[in-house]
Amino acid sequence: MISPVRWAGDHLVLLDQTLLPREEVERVYLRWEDVAEAIRSLVVRGAPAIGVAAAFGVALAARRSAATTFDGLVADLETAIKGLAATRPTAVNLFWALERMRRTALGHRDLPLEALRARLLAEAQATLDEDVAANHAMGEYGVALVPAGARILTHCNAGALATAGYGTALGVVRAAHARGRLAHVWVDETRPVMQGSRLTAWELAREGIPHRLIADVVAASLMARREVDLIVTGADRIAANGDTANKIGTYSLAVLARHHAVPFYVAAPFSTIDPSLPSGAGIPIEERSADEVRRVGGVQTAPAASPVFNPAFDVTPAALITAIITERGVFRAPYAF
Ligand code: MRU
């Protein structure tokens with residue numbers, strides 16, 4: 001199994017996703033500050049995976065804190081939580097995990113500090129284990145929506161790499177493949193960071209799951225030729241009304257899918273749902289560096305001084321989503337999560 005985030009006795013290990021598919025390098029983390037940098041720089045990415053990594057970041061902060069009182073330890077944890085929360089704004093799983101760790105700490109004032117440190121580590125591990133279980137459940141619910149011989153299109157990487165393991169959208173793909181229902185996956189390369197070609201294609205190739213890589217601009221003509229049976233993507237944040245933020249380019253696919261009458265599904269765990277937002281209008285959209293667009297694979301392909309607009313995510317209105325696949329079942333509009 002691909003494990004992008006794992007605890008190894010006394011340290012956190014992250015698979016460096018910036019180096020895939022060329023190199024498989026695992027990195028060791030002992031300090032929350034380095035975990036925060038790993039999230040910011042996409043060593044670990046994908047909404048559930050950054051949530052789990054951040055939870056371990058808080059556990060690391062607890063282990064390294066020299067505090068001798070509960071209040072001192074909580075103050076150190078709050079510093080770590082603030083720093084980890086400042087890394088990436090869109091995926092709500094990050095804030096969900098940090099809040100869970102905060103609640104765990106505040107709920108155990110009675111524990112000796114060493115026991116509280118152990119309790120926080122156990123909580124981080126629980127976020128990891130629960131995420132893997134949720135992904136398998138989503139795969140089971142999702143496979144019921146997949147017709148025999150399906151050609152599934154996916155965008156970005158919502159696979160094992162983006163989660164604690166197995167994946168959300170790729171969980172549905174894995175389950176469909178295991179049941180013999182999958183013809184092949186159309187993998188969008190996903191400009192500008194190429195999560196599709198670098199990461200999704202790597203995951204599928206590794207497991208012998210049939211797939212074909214396409215440039216993002218190919219999706220429309222494939223749908224026109226009736227070569228896509230359904231689209232499944234992941235999500236970074238789902239508002240209460242079902243509006244869904246996901247990797248930039250997801251919204252265009254949903255518009256295309258509606259035009260061509262192709263079902264468009266989102267697969268995401270409840271940790272991706274943000275009930276505090278009535279609609280997608282309130283979802284903060286991360287803007288990343290200009291060089292992600294000006295350069296391809298480290299090579300400059302645009303004038304160095306050209307101004308760039310580089311939003312990392314867009315919002316697909318709920319009206320364009322056929323259904324949302326979660327670990328608690330398949331939801332359809334009007335959404336009552
Ligand atoms: O910028 P990234 O690579 O973190 O963006 C990831 C996505 O948009 C995924 O589709 C989303 O996080 C769902 S992952 C199960």
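Numbering of ligands and ligand atoms starts at 1, following listing order. Note that these values count all heavy atoms, side chains included, but never hydrogens, waters or copies made by symmetry.
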With a 4.0 Å heavy-atom cut-off (strictly under), which part of A158 contacts ligand 1: side chain, backbone, both or neither? both
When you look for heavy atoms under 4.0 Å from ligand 1, do you find them on the side chain of N157, its backbone, both, or neither? backbone
Counting from 1 in the order shown, the ligand 1 atoms closer than 4.0 Å to a non-hydrogen atom of F313 are 1 (O), 5 (O), 8 (O)
Does an N or O from H155, backbone or side chain, lie closer than 3.5 Å to an N or O of ligand 1? no
Nearest non-hydrogen protein atom to atom 8 (O) of ligand 1, with distance, is D236 OD1, 2.8 Å
Do the side chains of R109 and D71 get close enough for a salt bridge, i.e. N-O under 4.0 angstrom? yes
Going by heavy-atom distance to atom 13 (C) of ligand 1, choose the closest among A235, A245, A268, G46. A235
Modelled atom types, side-chain donor and acceptor of D16 and T18, under 3.5 Å: yes
What residues form a ring-ring contact (aromatic ring centres under 6.0 Å, His included) with F270, not counting sequence neighbours? F331
Which residue holds the protein heavy atom closest to atom 14 (S) of ligand 1, what is that atom called, and what is the gap in Å? A162 CB, 3.4 Å
Is there at least one pair of N or O atoms, one from G159 and one from ligand 1, spaced under 3.5 Å apart? no
Has R226 got more than 12 heavy atoms of other residues, nucleotides or ligands less than 6.0 Å from its CZ? yes
Over all atoms of both residues, closest heavy-atom pair of T90 and P284: OG1-O, 2.7 Å
Among protein heavy atoms, which sits nearest to atom 15 (C) of ligand 1, and what does the distance come to when rounded to 0.1 Å? T168 OG1, 3.1 Å
Mark up the atoms of ligand 1 that fall under 4.0 Å of a heavy atom belonging to T163, in ascending order. 15 (C)
Heavy-atom nearest neighbour in the protein, as seen from atom 9 (C) of ligand 1, with distance rounded to 0.1 Å: N246 OD1, 3.4 Å
I'd like a table of donor-acceptor pairs (distance under 3.5 Å, sequence neighbours excluded) in which one partner is a side-chain atom from residues 50-67, with atom names and distances.
residue, atom, partner, partner atom, Å
S65, OG, A67, N, 3.1
S65, OG, D76, OD2, 2.6

Salt bridge flag under 4.0 Å for residues R102 and E78: yes
So if I count the atoms of ligand 1 from 1 in the order they appear, which ones are less than 4.0 Å from some heavy atom of P48? 14 (S), 15 (C)
Distance-only side-chain donor-acceptor flag, E287 / N310, under 3.5 Å: no
Under 4.0 Å from any heavy atom of Q195, which atoms of ligand 1 are there? 1 (O), 2 (P), 3 (O)
Pick, from G249, G196, A47, the option with the minimum heavy-atom distance to atom 12 (O) of ligand 1. A47
Salt bridge present between R206 and E203 (N-O < 4.0 angstrom): no
What about R88: any of its N or O atoms under 3.5 Å from an N or O on ligand 1? yes
Decide, yes or no, whether a salt bridge links R191 with D216 under the criterion of side-chain N to carboxylate O below 4.0 Å. no
Report yes if K247 has an N/O atom closer than 3.5 Å to an N/O atom of ligand 1; otherwise report no. yes
